[in-house]
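Counting starts at 1 for both ligands and their atoms, in listed order. Excluded from the calculations below are hydrogen atoms, water molecules and symmetry mates; all remaining heavy atoms, backbone and side chain alike, are included.
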Amino acid sequence: MNFNARKRCALYDHFGDRLRTSETLDRKLVSYQGNKETPGFRWMKYKEGFSSRLVDLLLEEVPSQTVLDPFSGIGTTALTASACNRQSHAIEIMPVGNLTAKAISQVANGVQSKALRQAASALIDAVGSTRCVEASRFPHVRITRCAFSPATETALSQARAFIADYEHKDVRSLLNFVCMSVLEDVSYTRKDGQYLRWDPRSGRTVSTKLDKGVLPSLGDCLNAKFAQVIEDAPHLKRRFVGLAPHFVDGSCLLKLKEFPAATIDLVITSPPYANRYDYTRTYALELAFLGFDDSAVKALRQELLSATVENKSKRRLISDAYGESQLPDEAFAVVDNQMALQEVLEILRERRSELSNPHVIRLIENYFTEMSVVIAELARVVKPRGSVFMVNDNVQYHGEELPVDFILSDLAEHFGFHCKTIWKLKRGKGNASQQMGRYGRTEIRKCLYHWVRRNGH
Ligand SMILES: C[S@@+](CC[C@H](N)C(=O)[O-])C[C@H]1O[C@@H](n2cnc3c(N)ncnc32)[C@H](O)[C@@H]1O
């Protein structure tokens with residue numbers, strides 16, 4: 001036994017027999033790749049999503065009437081559950097996800113294809129103009145400047161002006177979504193986990209070369225996307241029509257407390273991973289398009305579940321929001337006493353000077369503190385014998401494995417769940433690239449946890 005990993009080994013002894021390799025789960029099922037051909041979900045390349053098929057499989061597994069996803073993304077869980085006649089709730093903080101989920105729901109439940117066709121054709125005519133609408137120029141933030149060619153900047157100004165004036169609210173929201181969904185395609189950027197990669201034609205100084213080839217025009221991209229939306233509409237109307245999900249815009253750290261106790265049968269979710277990925281950077285183009293300026297992007301980054309080195313502690317904010325309730329204090333105490341987590345933190349603190357970024361220590365502390373609040377809330381809102389399924393990745397920092405699956409399952413057991421199974425994908429992930437050179441490639445578990453709410457905890 002590695003002397004420095006005693007507490008983690010103890011956790012392994014506790015959960016080891018519940019860690020199983022799944023024959024069914026594969027990368028396609030637990031990632032957005034599985035949605036690439038799926039009507040509706042294929043409209044937005046939301047790389048952080050999981051597939052609608054995974055939700056279908058889990059809905060078959062567990063009887064349920066009411067389903068919740070506190071980290072809803074583009075609404076895969078809520079929309080799929082609604083399509084299967086479940087009542088569903090979705091909490092999401094990023095407007096990029098919310099706009100997409102609502103667009104799918106609108107096409108499934110409301111907006112007529114004829115109205116959309118007319119609006120699409122008028123928008124595409126408008127972006128053909130070569131005159132820039134100064135007042136509607138793309139409102140860049142610092143990290144999106146130079147993302148578009150001058151011709152695309154002009155076309156975007158036309159699109160923004162046209163959409164802002166469009167009178168029918170639901171169609172306007174769909175036009176907004178479609179325009180947002182093609183921004184990456186018409187730009188000199190590509191999303192790459194923690195940041196945007198840049199094509200040197202942008203004029204930016206870039207270290208990694210990205211060649212995006214011939215960039216399509218905004219008009220061509222809009223045309224193709226509208227064709228997809230219109231092609232998918234009949235299918236969505238057949239499949240997704242039913243109960244429209246209840247979408248909640250905001251942070252689950254503040255919104256979950258508004259849900260009544262013991263009302264949810266099933267949670268299917270995937271929180272951000274503790275891997276430094278920054279959604280506000282990768283989706284900077286989309287956020288700027290939706291009207292976020294630099295300070296709004298910075299504020300949103302702080303509100304997201306802490307997963308970046310920039311995040312500061314939210315303990316105070318959460319305590320204040322909860323007022324008299326004991327829930328946050330209990331959640332903080334549980335995480336402060338989770339010995340395997342504290343073991344990793346202790347090692348990293350001792351080696352602080354060797355870390356490429358010492359703020360990873362803060363990231364890890366904040367991540368588990370906030371997840372502890374989320375899990376305490378899930379234990380409160382899920383009915384006895386109800387289930388939680390959670391997709392998440394383990395991580396490694398400075399060669400120290402952080403068994404996120406076991407630590408979160410331990411917190412869940414504390415709050416009244418029984419950890420039934422931790423399903424592991426056959427192939428895990430290599431570690432983060434900046435660590436490979438020093439420690440060699442090791443596999444990090446990618447898992448789906450299944451927790452069942454105990455009776456009378
Ligand atoms: C791994 S993704 C989940 C994607 C989702 N399963 C799907 O299929 O689209 C995690 C999501 O959590 C959201 N998120 C991060 N912090 C949040 C918070 N405090 N409250 C609610 N959502 C949050 C992110 O914006 C992101 O969309």
Side-chain angles (χ1 to χ4, degrees), residues 28-36 38 40-56 58 67-81 88-105 181 191 193 245 247-259 267-284 286-287 290 292 297 299-308 310-311 314 317-318 321 363 366-367 369-375 377-378 388-393 395 404 446-448:
K28 198 169 166 193
L29 212 52
V30 298
S31 79
Y32 85 107
Q33 287 170 27
N35 277 345
K36 271 185 173 166
T38 313
F41 298 114
R42 66 177 178 153
W43 301 343
M44 180 76 198
K45 195 166 124 196
Y46 203 68
K47 279 191 171 177
E48 295 69 29
F50 46 48
S51 69
S52 174
R53 175 91 191 106
L54 174 70
V55 179
D56 274 332
L58 298 176
V67 179
L68 164 71
D69 186 350
F71 298 100
S72 149
I74 60 168
T76 316
T77 294
L79 286 159
T80 310
S88 66
H89 304 271
I91 311 175
E92 171 59 48
I93 197 166
M94 285 275 285
V96 180
N98 292 326
L99 187 63
T100 308
K102 286 174 193 168
I104 298 171
S105 183
S181 74
K191 298 185 198 318
F247 292 113
V248 180
D249 300 349
S251 170
C252 63
L253 294 167
L254 303 177
K255 298 286 183 185
L256 274 171
K257 64 181 165 45
E258 292 164 18
F259 282 69
V267 174
I268 303 174
T269 195
S270 173
Y273 304 160
N275 60 6
R276 298 179 61 170
Y277 277 25
D278 182 350
Y279 291 81
T280 62
R281 283 216 165 79
T282 41
Y283 290 96
E286 292 78 5
L287 288 172
L290 295 175
F292 280 62
V297 170
L300 178 63
R301 185 174 304 136
Q302 288 302 328
E303 284 173 47
L304 283 154
L305 186 94
S306 292
T308 76
E310 277 120 352
N311 284 110
K314 295 192 195 49
L317 178 121
I318 295 170
L363 177 166
N366 292 342
Y367 183 82
T369 300
E370 293 163 31
M371 282 303 292
S372 184
V373 173
V374 173
I375 294 169
E377 278 292 10
L378 294 184
V388 172
F389 287 97
M390 184 179 288
V391 175
N392 204 336
D393 276 10
V395 290
V404 178
K446 184 169 192 62
C447 296
L448 170 73

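Under the 4.5 Å side-chain criterion, counting only non-hydrogen atoms from C-beta, S72 is not in contact with T77. Residues R281 and R301 have side chains in contact (heavy-atom distance under 4.5 Å, counting atoms from C-beta outward).
Within the 3.5 Å criterion, the main-chain N or O of E92 finds no donor-acceptor partner in the side chain of K255.
Taken to the nearest 0.5 Å, the CD1 atom of I74 stands 11.0 Å off from the OG atom of S181.
Within 4.0 Å of ligand 1, counting heavy atoms only, the contacting residues are Y46, E48, G49, F50, P70, F71, S72, G73, I74, T76, E92, I93, M94, G250, S251, C252, S270, P271, P272, Y279, E303, L304, L305.
Side-chain rings of Y283 and Y46 approach one another, their centers coming within less than 6.0 Å.
When the side-chain hydrogen bond (donor to acceptor under 3.5 Å, both in side chains) test is applied to N311, the partners found at least two apart in sequence or on another chain are T308.
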